[in-house]
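Scroll down for the structure; my scribbles are underneath it.
Residue numbering restarts at 1 for every chain, and letters A, B, ... go by the order of the sequence lines.
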Amino acid sequence: TQLLEQSPQFLSIQEGENLTVYCNSSSVFSSLQWYRQEPGEGPVLLVTVVTGGEVKKLKRLTFQFGDARKDSSLHITAAQPGDTGLYLCAGFETGTASKLTFGTGTRLQVTL
Amino acid sequence: NAGVMQNPRHLVRRRGQEARLRCSPMKGHSHVYWYRQLPEEGLKFMVYLQKENIIDESGMPKERFSAEFPKEGPSILRIQQVVRGDSAAYFCASSPSLTSSLYSTDTQYFGPGTRLTVL
């Protein structure tokens with residue numbers, strides 16, 4: 001089983017600060033996805049990165065896929081309370097296009 | 001355009017009872033996936049189904065758990081003789097038909113989950 005480790009596990013910051021969340025593996029993934037999950041709800045897809053070195057931006061969120069397709073990062077600029085939630089990276093295991101492996105998660109809290 | 005629907009949202013069962021969790025995929029989606037999220041843990045894949053077929057059940061516990069996706073109606077995840085360790089959030093996801101490539105990036109859309117509590 002391919003594992004995805006996320007760091008940090010918990011992050012509490014004030015509004016306006018910047019932060020980066022990391023997602024690392026020793027295995028190669030064909031693609032990586034980032035989800036956000038709010039309490040009592042299912043994960044909501046934010047972005048999919050496919051190509052090694054790819055960078056995607058979604059408003060204040062910047063996602064990067066490592067050159068070797070083993071790691072990814074999520075950078076949030078000027079965090080807002082609405083960014084609070086559980087951030088999950090996930091990837092398709094090698095040889096499958098159906099079984100998502102989820103990371104350990106990063107719980108972000110943004111306070112005023 | 002309704003998303004993935006799951007019911008019930010909350011389910012309480014006593015040890016030894018059966019739990020039935022339902023999932024209606026998004027319109028036009030023929031692939032269903034079940035994941036389990038134990039307290040303070042990440043989501044773990046359980047099973048992948050297409051209509052009337054189980055494609056990959058490598059994440060399903062060997063006993064008491066079963067899943068189906070009939071020709072008509074929702075997908076059902078069934079847990080027999082529940083135990084306290086089954087308490088978790090169970091999420092269903094759906095996707096449209098996969099491409100022929102093994103490296104498809106087909107998006108899985110998740111439902112709101114069913115939170116099972118076993119007393």
Side-chain angles (χ1 to χ4, degrees), chain A residues 1-10 21 23-25 27-52 54 56 58 63 65 69 72 85-107, chain B residues 3-10 21 23 25-26 29-50 53-60 69 89-115:
Chain A
T1 302
Q2 296 168 277
L3 298 175
L4 284 166
E5 296 284 339
Q6 286 184 239
S7 62
Q9 275 188 289
F10 301 97
V21 177
C23 174
N24 294 294
S25 176
S27 306
V28 175
F29 284 83
S30 57
S31 66
L32 275 180
Q33 305 182 345
W34 284 92
Y35 290 83
R36 188 170 82 186
Q37 184 180 18
E38 301 200 17
E41 299 296 330
V44 175
L45 180 68
L46 296 174
V47 78
T48 299
V49 286
V50 180
T51 308
E54 182 177 4
K56 280 192 174 178
L58 185 67
F63 304 86
F65 200 10
R69 292 187 289 125
S72 181
L86 177 66
Y87 289 83
L88 298 162
C89 63
F92 287 108
E93 295 190 3
T94 303
T96 178
S98 58
K99 184 190 300 186
L100 271 176
T101 295
F102 277 86
T104 46
T106 295
R107 195 167 295 279
Chain B
V4 177
M5 310 279 282
Q6 288 189 251
N7 68 81
R9 292 292 305 273
H10 300 274
L21 288 62
C23 168
M26 285 180 71
H29 287 191
S30 56
H31 301 256
V32 166
Y33 316 82
W34 286 93
Y35 293 82
R36 178 166 66 173
Q37 189 173 38
L38 293 167
E40 304 306 319
E41 291 190 19
L43 282 91
K44 304 288 187 195
F45 169 84
M46 299 181 75
V47 62
Y48 161 41
L49 310 103
Q50 295 177 24
N53 283 303
I54 297 174
I55 308 301
D56 182 349
E57 56 182 346
S58 58
M60 288 279 269
F69 189 15
Y90 292 82
F91 292 96
C92 168
S94 72
S95 70
S97 300
L98 293 177
T99 66
S100 59
S101 166
L102 280 177
Y103 300 103
S104 168
T105 57
D106 216 21
T107 298
Q108 294 184 13
Y109 296 87
F110 283 80
T114 293
R115 274 141 192 89

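- Residue A:Q6 does not touch chain B at all, counting heavy-atom pairs closer than 4.5 Å.
- The local environment of CZ in A:R107 is sparse, with at most 12 non-hydrogen atoms from other residues, nucleotides or ligands closer than 6.0 Å.
- Residues satisfying the side chain to side chain contact (heavy atoms under 4.5 Å, CB included) criterion with B:I55, sequence neighbours excluded, are B:Y48, B:Q50, B:N53.
- For B:E57, there are no salt bridge (charged side-chain N to carboxylate O under 4.0 Å, His left out) partners two or more places apart in sequence or in a different chain.
- The local environment of CE in B:M5 is sparse, with at most 12 non-hydrogen atoms from other residues, nucleotides or ligands closer than 6.0 Å.
- In terms of heavy atoms, B:Q108 sits closest to A:F92 at NE2-CE2, 3.7 Å.
- Looking at B:Y35, the atoms closer than 4.5 Å to chain A (heavy atoms on both sides) all sit in the side chain, from C-beta outward.
- For the residue pair A:K99 and B:S58, the shortest heavy atom distance occurs at NZ-OG, 2.7 Å.
- Here B:Q37 is the residue among B:M46, B:Q37, B:K44 with the most heavy-atom pairs under 4.5 Å with chain A.
- Not one N or O on the side chain of B:Y33 forms a donor-acceptor pair closer than 3.5 Å with the backbone of A:L100.
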